[in-house]
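Notes follow once the structure below has been shown.
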Amino acid sequence: MNDALQSLLDLLALERIEQDIFRGLSRASVVPRVFGGQVAAQALVAAGRTVPADRPPHSLHAYFLRPGDPGAPIVYTVDRIRDGRSFTTRRVVAVQHGQQIFHLTASFHADEEAALEHQEPMPAAPDPLELPTAAEMLPRHAERYLSAEVAERLLEARAAIDLRYADEPPYATVGQPREPRSQVWFRTHGKLDDDGEIPRPLLDVCLVTYVSDMTLLDSILLAHGRGGWAVGDVVGASLDHAMWFHRPLRADEWLLYDQESPTAQAGRGLGQGRIFTADGQLVVSVIQEGVVRVPWDG
């Protein structure tokens, strides 16, 4: 496990300040606000710490209300909505500087035998070990970034997660519209402990939640030949985020994130994704809408 992954795990290990109130720290991201995946993952950790360990999350629905300040802690308050025989529901409100910045509702479900089961097949994808790492890919396109610091910030943001694009990322093909579809492989940079502060499988699900916000809107950019936030030819932010966790997964093993965008309009774009294990199991479905605007020069 590298230092960056340990730092991420420390970020997710929230401080309990009351029975259902937790406090988390933040860190700077590529954009000058708290990374949305961090807030969502921390909120899910807070919810999960009020639920029995044998009930992992099966879904979450969240709204990003205000930009987070990376220089200030975030307080997460958990509301115990329901504790049923099979399902448990929690609502989490994230507050910073006295204002609500994020809402999440999560549902947890005890495992049970399935009489009915099916899934879509895994799409074709290249071997992740044959794809360039972030450290190999990012410097190739440094001339496109807003500043020389951007590549360093992007590398820092990827340091805990080994994330590899199956095709060229948006910043590599600026001005060349493509099919609104993107694939990335990802896993943590190092193996996770089974006896860490956050129990598994909650830890795995929270780490996948963290990663799920990194690239989901890429397919919108690809459709219009835009390079993204690092290039500066669009501005945007996540608006809402929904995830369904179908089957067990391990965040320290390769996962394929297959993403596409069916529509963009009125300054908003929709991204949807499916996450598969390397052996073809569909483990997560994701949908997000985000603000995606062309900067105004007037």
Glu113, CD: over 12 other non-hydrogen atoms inside 6.0 angstrom: no

Gln288 versus Ser238, side-chain donor and acceptor atoms under 3.5 Å: yes

His97 and Asp69: side chain donor to acceptor below 3.5 Å: yes

Within one Ile-Leu-Val-Met-Phe-Trp-Tyr cluster: Leu5 and Met214, side-chain cutoff 4.5 Å: yes

Residues Asp194, Arg250: salt bridge by 4.0 Å N-O rule: yes

Test side chain to side chain donor-acceptor pair (under 3.5 Å) applied to Gln183 and Asp258, step by step: CA-CA 5 Å; Gln183 289 182 329; Asp258 186 68; 2.9 Å; yes

ILVMFWY cluster, Phe102 and Val286 together (side-chain gap under 4.5 Å): yes

Nearest-0.5 Å distance that lies between atom CZ in Arg268 and atom CD1 in Ile220: 11.0 Å

Joint hydrophobic cluster, Leu8 plus Phe22, side-chain heavy atoms closer than 4.5 Å: yes

Separation between OG1 of Thr209 and NE2 of His241, rounded to the nearest 0.5 Å: 6.5 Å

Cluster link Ile198 to Phe108, ILVMFWY, side chain under 4.5 Å: yes

Asp79 atom CG, over 12 foreign heavy atoms within 6.0 Å: yes

Ser285 versus His246, side-chain donor and acceptor atoms under 3.5 Å: yes

Residue that, paired with Arg90, satisfies side-chain contact (heavy atoms from CB on, under 4.5 Å) out of Leu60, Leu44, Asp83, Ile81: Asp83

Check: Thr133 main-chain N/O paired with Glu136 side-chain donor or acceptor under 3.5 Å: yes

Under 3.5 Å: donor-acceptor pair, side chain of Asp193, backbone of Asp195: no

Contact summary for Phe276 and Gly280, nearest pair of heavy atoms: CD2-O, 3.8 Å

Donor-acceptor pair, side chain of Tyr145 and main chain of Leu138, under 3.5 angstrom: yes

Salt bridge flag under 4.0 Å for residues Glu117 and Arg247: yes

Separation between CG of Leu249 and CZ of Arg200, rounded to the nearest 0.5 Å: 9.5 Å

Test applied, ring-ring contact (aromatic ring centres under 6.0 Å, His included); reference residue, His58; option that passes from Phe245, Trp244, Phe87: Phe87

Flag, side chain of Arg66 to backbone of Gln100, donor-acceptor distance under 3.5 Å: yes

Donor-acceptor contact present, side-chain Tyr257 to main-chain Ser212, <3.5 Å: yes

Asp218 and Thr215: CA distance, side-chain angles, deciding distance, side chain to side chain contact (heavy atoms under 4.5 Å, CB included) verdict: CA-CA 5 Å; Asp218 279 2; Thr215 60; 3.6 Å; yes

Salt bridge Arg187-Glu253, side-chain N to carboxylate O under 4.0 Å: no

Test side chain to side chain donor-acceptor pair (under 3.5 Å) applied to Tyr76 and Gln42, step by step: CA-CA 8 Å; Tyr76 297 91; Gln42 287 181 327; 2.5 Å; yes

Within 6.0 angstrom of Arg91 CZ, more than 12 heavy atoms from elsewhere: no

Working for side chain to side chain contact (heavy atoms under 4.5 Å, CB included), residues Ile101 and Ile74: CA-CA 9 Å; Ile101 65 169; Ile74 305 172; 4.1 Å; yes

Nearest non-hydrogen partners of Ala159 and Ala4, listed with the distance: CB-CB, 3.4 Å

Distance (rounded to the nearest 0.5 Å) between Leu12 CG and Leu203 CG: 7.0 Å

Over 12 non-hydrogen atoms of neighbours within 6.0 angstrom of CD in Gln265: yes

CD-OG1 distance between Glu289 and Thr263, expressed to the nearest 0.5 angstrom: 8.5 Å

Smallest separation among heavy atoms of Leu11 and Leu14, with atom names: O-CD2, 3.9 Å

Derivation and outcome, side chain to side chain contact (heavy atoms under 4.5 Å, CB included), residues Thr277 and Trp254: CA-CA 7 Å; Thr277 59; Trp254 284 117; over 6 Å; no

Chi angles and distances behind the ring pair (Phe, Tyr, Trp, His ring centres under 6.0 Å) call for His103, Phe64: CA-CA 7 Å; His103 285 184; Phe64 299 92; over 10 Å; no

Cluster check Val283, Leu256: I/L/V/M/F/W/Y, side chain < 4.5 angstrom: no

Minimum side-chain heavy-atom gap Leu192-Leu9 below 4.5 Å: yes

Close side-chain approach of Phe186 to Arg158, heavy-atom, < 4.5 Å: no

Short side-chain donor-acceptor distance under 3.5 Å, Asn2 and Gln6: no

Shortest non-hydrogen separation from Val235 to Trp229 and the atoms involved: C-CZ3, 4.0 Å

Backbone of Val51 reached by a side-chain donor or acceptor of Thr88 within 3.5 Å: no

Whether Arg164 side chain and Leu131 backbone form a donor-acceptor pair below 3.5 Å: yes

Test item: Gln259 and Ser182 side chains (from C-beta on) under 4.5 Å apart, heavy atoms: yes

Residues Gln272, Glu260; criterion side chain to side chain donor-acceptor pair (under 3.5 Å); working and verdict: CA-CA 6 Å; Gln272 54 191 30; Glu260 62 182 353; 3.1 Å; yes

Verdict with reasoning, His109 to Ser86, per side chain to side chain donor-acceptor pair (under 3.5 Å): CA-CA 6 Å; His109 180 216; Ser86 297; 5.0 Å; no

Residue pair Gly225 / Asp233: nearest heavy atoms and the distance that separates them: O-OD2, 4.4 Å

Close side-chain approach of Ser59 to Met243, heavy-atom, < 4.5 Å: no

Donor on one side chain, acceptor on other, Thr173 and Arg178, under 3.5 Å: yes

Check: Asp54 and Asp111 side chains under 4.5 Å, non-hydrogen atoms: no

More than 12 heavy atoms from other groups under 6.0 Å of CZ on Arg140: yes

Closest non-hydrogen atom pair, Ile275 against Leu282: O-CD1, 3.6 Å

Spacing of OG1 belonging to Thr188 relative to OH belonging to Tyr210, to within rounding of 0.5 Å: 12.5 Å

Side chains of Arg274 and Pro123 in contact at under 4.5 Å (non-hydrogen atoms): yes

Check: Tyr63 main-chain N/O paired with Asp240 side-chain donor or acceptor under 3.5 Å: no

